[in-house]
Asker: 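Attaching a single structure in structure tokens format; questions to follow.
A, B, ... follow the sequence lines: proteins, then strands. Residue 1 opens every chain.
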Amino acid sequence: MPSPTFRLYNTLTHETEPVEPIEEEHLRFYSCGPTVYMYAHIGNFRSFLTADLIRRTAEAIGWDVTNVSNITDVGHLTQDDLVDPGGEDKMQRALEREGERFANIYDLARHYTEAFLEDWGALNLREPEVRPRATEHVTDQLEAVIELVETGHAYTTEQGVYFSVESVDDYGHLSGNTEAQQLEATDRDVVEDPEKHDPRDFALWKHDPDHLMHWHSPWGWGYPGWHIECSVMGMQYLGDRFDLHTGGEDLIFPHHECEIAQNQSLAGHPVVNYWVHTRFLQVEGEKMSKSTGNFYTVRDLIAPGPNDKHVPDSVREQGGIDPLALRYTLMQGQYRKPFNFTLDALHTAARHVRRYQDAAERVEEALEADAAGPDHLGDRLGAIHERTLEAMCDDLNTPAATAAALEGVKAIEQTDRLSGDAARSARNWLDRTNALLGIVESEHDAEPATDDGSQDGLSAGHLSSSINTLLEDREAARTEGEYARADAIRDTLEALGIEVMDTPDGTEWRRTIEVG
RNA sequence: GGUGACGUGGCCGAGUGGUCAGGCAGAGGCCUGCAAAGCCUCCUACGGCGGUUCGAAUCCGCCCGUCACCUCCA
């Protein structure tokens, strides 16, 4: 069976195009990572998930993948033009906000980097081959800036080094921001360097010996501009021609526009063929913001502390939601379309993820029993996987892919008695579905740590045993026909967040997934 | 003002010319001591107005609306 053609929307051409790797069957791409000055929120991870799904789709059609995803651990000015020696950047602001928590800016960056990697694993994102840090590549960035000055693409002023936009041909092509007047016409609250040649020119290096992080350069102590790090690290690890570059839609301009200009100037030719951008998500119909109360970090939802009052009760009271459910929720919208993240969708996703897990459990049991009988599932699940993969190859159509995959779960549920052969087909399908979508079971062992300790008291031994006592009492009552007492015990369990299911094989229980 | 994306049933969300998306919620049924879970059945929509066509959610034009970016942001 030939693999479907992998197609992605290319911001550069405004078209959905077949992805044709430079090296045959080897996709090499760069993903813009986070600036580590706070816990990552669910919107950040919508973008990182896109990169993960590109990787998984490419692997599913048999390609090799090399992915580079950076950690930006250098603070950059909140306004790129602002060359005020006392100017703050977002990492510096974070340090001032949390000064008692961290001894210095490096500790802060380290803490949020570790938290980010934990969230990454919890959401079942695959590790990039290379995860470079900006602070470890400042020398490389300096060399690139020097080269740009030497080749006439950059110039120095009293306050720093600027890239000369005029020195490249098609600046603005990616974003459509082609007119210098447009940039000036925009109402911007910006302090400009009067020595800048062109309002579009952007900083490559800032002279600022007082900055919290500073390095020595030919222009004195200072620190690099934001855009240069991705150009340098991308080309260092992927060469001066690679396939694809991902990021959030906000990075189209200025970040990626500037990166293209730098790349072109350093390499002498275009470096990246496809640019893929993930749209911002909204939460409960509004732009996510702390003031609206709809701002969720990943750990707010998967491991809330008991005192995280901004976390919705329905999430906090059950000790956080399955991280795979968060992943599943984010996949209910295609990366390129507006997506409204709702708690309702999150709880629905939790149920769906559990259906996968239940199906996987059933399959495990059937594998152990290994009953004789025909394989009713192999062909059906094979066809379902085809459709799932086709949907993913169609510009990462995750809603269609998850819908197709859910039919596979249904097929397993519908089968009354799973033969050993059917179970092997089902196991194979679950594995392939998990490899492609990552929603069945986590590939990471590490549990995410929480700041305030887990609220998951139900997994604690003493509570678990009291549940068992209640279940035994109820079973006894049922055997004796005392249904009123049995139902009262069931109500008690429900109040504890336990739902009880009487099956032909005995009574089962699990934690309730609350709705809304 | 510039640029781009989008508008599908109560809700979310697939679908680029003619035949089923799927899910959630809701209704009925099977199962159950009663439930729960699961299964089966039902609920049939494409912002507005024109146009092309035998036929349009789908193509074209105009209009209305939503969202985003335009040097903080994934």
Asker: Quick one: salt bridge (Lys or Arg N to Asp or Glu O under 4.0 Å) partners of Glu365(A), sequence neighbours excluded?
Answerer: none
Asker: For Phe202(A) and His227(A), take the angle between the two ring planes, folded into 0 to 90°, and tell me which bin it lands in: parallel under 30, tilted 30 to 60, perpendicular over 60.
Answerer: perpendicular
Asker: Which listed nucleotide (rC73(B), rC34(B), rG22(B)) is nearest to the side chain of Ala403(A)?
Answerer: rG22(B)
Asker: Has the side chain of Asp487(A) got a donor or acceptor that lies under 3.5 Å from a partner of the other kind on the base of rG33(B)?
Answerer: yes
Asker: Name the pairs: protein N/O against N/O of nucleotides 64-67 of chain B, kept only if under 3.5 Å.
Answerer:
unit_1	atom_1	unit_2	atom_2	d
rC67(B)	O2'	Arg279(A)	NH2	3.1
rC67(B)	O2	Arg279(A)	NH2	3.1

Asker: For the side chain of Arg474(A), starting at C-beta, report the closest nucleotide among rA36(B), rG33(B), rA74(B).
Answerer: rG33(B)
Asker: Looking only at N and O atoms, is any donor in the side chain of Arg490(A) or the base of rA35(B) less than 3.5 Å from an acceptor on the other one?
Answerer: yes
Asker: How long is the line joining CD1 of Ile412(A) and C1' of rA37(B), in whole Å?
Answerer: 16 Å
Asker: Tell me whether Phe280(A) is stacked on the nucleobase of rA74(B), counting only the six-membered base ring and applying the 5.5 Å and 30° thresholds.
Answerer: yes
Asker: Between the base of rC12(B) and the side chain of Asn340(A), is one N or O donor paired with an acceptor at under 3.5 angstrom?
Answerer: no
Asker: Apply ring pair (Phe, Tyr, Trp, His ring centres under 6.0 Å) to Trp120(A) and list each qualifying residue two or more places apart in sequence or on a separate chain.
Answerer: Phe48(A), Phe116(A)
Asker: Remember a base hit wins even if backbone is also touched, and classify Ile252(A) as base, sugar-phosphate or nothing at under 4.0 Å, heavy atoms.
Answerer: nothing
Asker: Look at all strands and tell whether Gly247(A) reaches a base, only sugar-phosphate, or nothing, counting heavy atoms closer than 4.0 Å.
Answerer: sugar-phosphate
Asker: Which string of ( ) [ ] | and . matches RNA chain B, if you list each base 5' to 3' and count Watson-Crick or G-U pairs only when both distances are under 3.5 Å?
Answerer: (((((((..(((.....[...))).(((((.......)))))....(((((..]....))))))))))))....
Asker: Before accepting this row, confirm whether a basic side-chain N of the pair Glu475(A)/Arg478(A) lies closer than 4.0 Å to the acidic partner's carboxylate O.
Answerer: yes
Asker: Taking only side-chain N and O atoms of Arg355(A), does any of them lie within less than 4.0 angstrom of OP1 or OP2 on rC39(B)?
Answerer: yes
Asker: Are there any protein N/O atoms within less than 3.5 Å of an N/O atom in nucleotides 40-46 of chain B, and if so, which ones and at what distance?
Answerer:
unit_1	atom_1	unit_2	atom_2	d
rC40(B)	OP1	Gln414(A)	NE2	2.4

Asker: His352(A) near the nucleic acid: base, sugar-phosphate alone, or nothing, with a heavy-atom cut-off under 4.0 Å?
Answerer: sugar-phosphate
Asker: Please classify the nucleic acid contact of Phe339(A) as base, sugar-phosphate, or nothing, using heavy-atom distances under 4.0 Å.
Answerer: sugar-phosphate
Asker: Is Arg485(A) touching bases, backbone alone, or none of the nucleic acid, heavy atoms closer than 4.0 Å?
Answerer: nothing
Asker: Between N or O atoms, less than 3.5 Å apart, protein on one side and nucleotides 7-11 of chain B on the other: list the pairs.
Answerer:
none

Asker: Could you work out which one of rG15(B), rA74(B), rG4(B) sits closest to the side chain of His14(A)?
Answerer: rG4(B)
